[in-house]
Amino acid sequence: QVQLVESGGGLVQAGGSLSLSCTASGRSGRTFNIFAMGWFRQAPGKEREFVAAIRWSDGRPAYADSMKGRFTISRDNTKNTMDLQMNNLKPGDTAVYYCAATRTSYLGGSDYVYDYWGQGTQVTVSS
């Protein structure tokens, strides 16, 4: 079992930046056996949307097309953390952002593949 906890959400003005972090923890003495982690977001009244994912072993990233260039995903597997740097934020980026992890050999945005989910952190971008 893996627990995921997001942090770093908040209120920011349009054009600003925000960094999210996700910390993974598991049962003491057991490895995570995680293949990849990802970020998803869900705005009010909308479906959950893929943002980015990263392969745990080597840090290879994958982005939703609409996120490329503004968002950067990274991970530190010595600290079991994953970050999302978000720049030039827009009001349309307002959503609850979720951290997720999968044991499946998959790097992408199909949310049903992900085994573990965090509780989410709110990001609000004001115009």
Side-chain angles (χ1 to χ4, degrees):
Q1 190 72 16
V2 176
Q3 290 79 44
L4 304 174
V5 179
E6 303 95 337
S7 62
L11 174 64
V12 64
Q13 289 188 334
S17 298
L18 207 58
S19 181
L20 304 182
S21 186
C22 176
T23 301
S25 60
R27 187 176 298 177
S28 178
R30 300 188 63 178
T31 62
F32 288 146
N33 199 27
I34 293 297
F35 181 83
M37 294 182 68
W39 289 99
F40 292 78
R41 69 185 187 184
Q42 188 166 21
K46 295 187 177 182
E47 293 187 353
R48 187 161 54 194
E49 177 184 26
F50 171 64
V51 175
I54 191 163
R55 190 158 60 190
W56 201 243
S57 59
D58 61 3
R60 178 183 177 181
Y63 295 95
D65 288 342
S66 60
M67 313 298 171
K68 290 180 180 178
R70 295 194 300 126
F71 292 4
T72 302
I73 191 171
S74 62
R75 65 88 178 93
D76 184 338
N77 53 10
T78 65
K79 298 180 180 179
N80 295 327
T81 58
M82 174 183 65
D83 295 328
L84 184 69
Q85 177 66 39
M86 304 183 293
N87 297 326
N88 190 23
L89 284 162
K90 305 173 183 179
D93 294 318
T94 295
V96 177
Y97 284 70
Y98 295 92
C99 168
T102 178
R103 296 170 296 175
T104 302
S105 297
Y106 171 79
L107 182 64
S110 296
D111 58 3
Y112 63 87
V113 178
Y114 288 80
D115 304 293
Y116 308 105
W117 293 84
Q119 293 299 308
T121 185
Q122 177 70 45
V123 172
T124 303
V125 184
S126 63
S127 57

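Salt bridge annotation for Asp58-Arg55: present, with a cationic side-chain nitrogen under 4.0 angstrom from a carboxylate oxygen.
Taking the side chain as every heavy atom from C-beta outward, Thr72 and Leu84 never approach each other to under 4.5 Å. Here the side chains of Ile34 and Arg103 are in contact, with some heavy-atom distance below 4.5 Å. No side-chain heavy atom of Leu89 sits less than 4.5 Å from a side-chain heavy atom of Gln13. When side chains are defined from C-beta on, Phe35 does not count as touching Thr104, because their heavy atoms never get closer than 4.5 Å. Between Phe50 and Met67 the shortest side-chain heavy-atom distance does not fall below 4.5 Å. When side chains are defined from C-beta on, Leu11 counts as touching Ser126, because their heavy atoms get closer than 4.5 Å.
Heavy-atom neighbours of Gln119 CD from other residues, nucleotides or ligands within 6.0 Å: at or below the threshold of 12.
In this structure, Tyr63 contributes its side chain and Ile73 its backbone to a donor-acceptor pair below 3.5 Å. Glu49 contributes no side-chain N or O that, together with a main-chain N or O of Arg41, makes up a donor-acceptor pair within less than 3.5 Å. Side chain of Gln42 to backbone of Tyr97: no donor-acceptor contact under 3.5 angstrom is found. For the pair Asn88 (side chain) and Arg70 (backbone), a donor-acceptor distance under 3.5 Å is absent. No donor-acceptor pair under 3.5 Å is formed between the side chain of Thr121 and the backbone N or O of Ser7.
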Apply side-chain contact (heavy atoms from CB on, under 4.5 Å) to residues Asp93 and Val123 and explain how you reach the verdict. CA-CA 8 Å; Asp93 294 318; Val123 172; 5.5 Å; no

Asp83 vs Ser21, test: side chain to side chain donor-acceptor pair (under 3.5 Å). Steps then yes/no. CA-CA 4 Å; Asp83 295 328; Ser21 186; 2.9 Å; yes

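To the nearest 0.5 Å, atoms CD (Gln3) and SG (Cys22) are separated by 11.0 Å. The distance from the OG atom of Ser19 to the CZ atom of Phe71 is 11.5 Å, given to the nearest 0.5 Å. With rounding to the nearest 0.5 Å, the separation of CH2 in Trp56 from CG in Asn33 is 13.0 Å.
In terms of hydrophobic clustering, with Ile, Leu, Val, Met, Phe, Trp and Tyr side chains grouped at heavy-atom distances under 4.5 Å, Met82 and Tyr106 are assigned to different clusters. Both Tyr116 and Trp39 are members of a single hydrophobic cluster when ILVMFWY side chains are connected at heavy-atom separations under 4.5 Å. By the rule that hydrophobic residues join a cluster once side-chain heavy atoms approach within less than 4.5 Å of another member, Leu107 and Tyr112 end up as members of separate clusters. Under the 4.5 Å side-chain contact rule for hydrophobic residues, Ile54 and Leu18 share a cluster. Residues Val12 and Val51 share a hydrophobic cluster, clusters being chains of Ile/Leu/Val/Met/Phe/Trp/Tyr side chains in contact below 4.5 Å.
By the 30° and 60° cut-offs, the orientation of the rings of Phe40 relative to Trp117 is tilted.
Partner of Met37 under the side chain to side chain contact (heavy atoms under 4.5 Å, CB included) criterion, out of Asn80, Asn77, Leu4: Leu4 alone.
For the residue pair Asn87 / Gln85, a side-chain donor-acceptor distance below 3.5 Å is found, with atom types taken as modelled.
Taking every heavy atom of both residues into account, Ala14 and Ser127 meet most closely at CB-CA, 4.3 Å. For Tyr114 against Ala53, the heavy-atom pair with the smallest separation is OH-CB, 3.5 Å.
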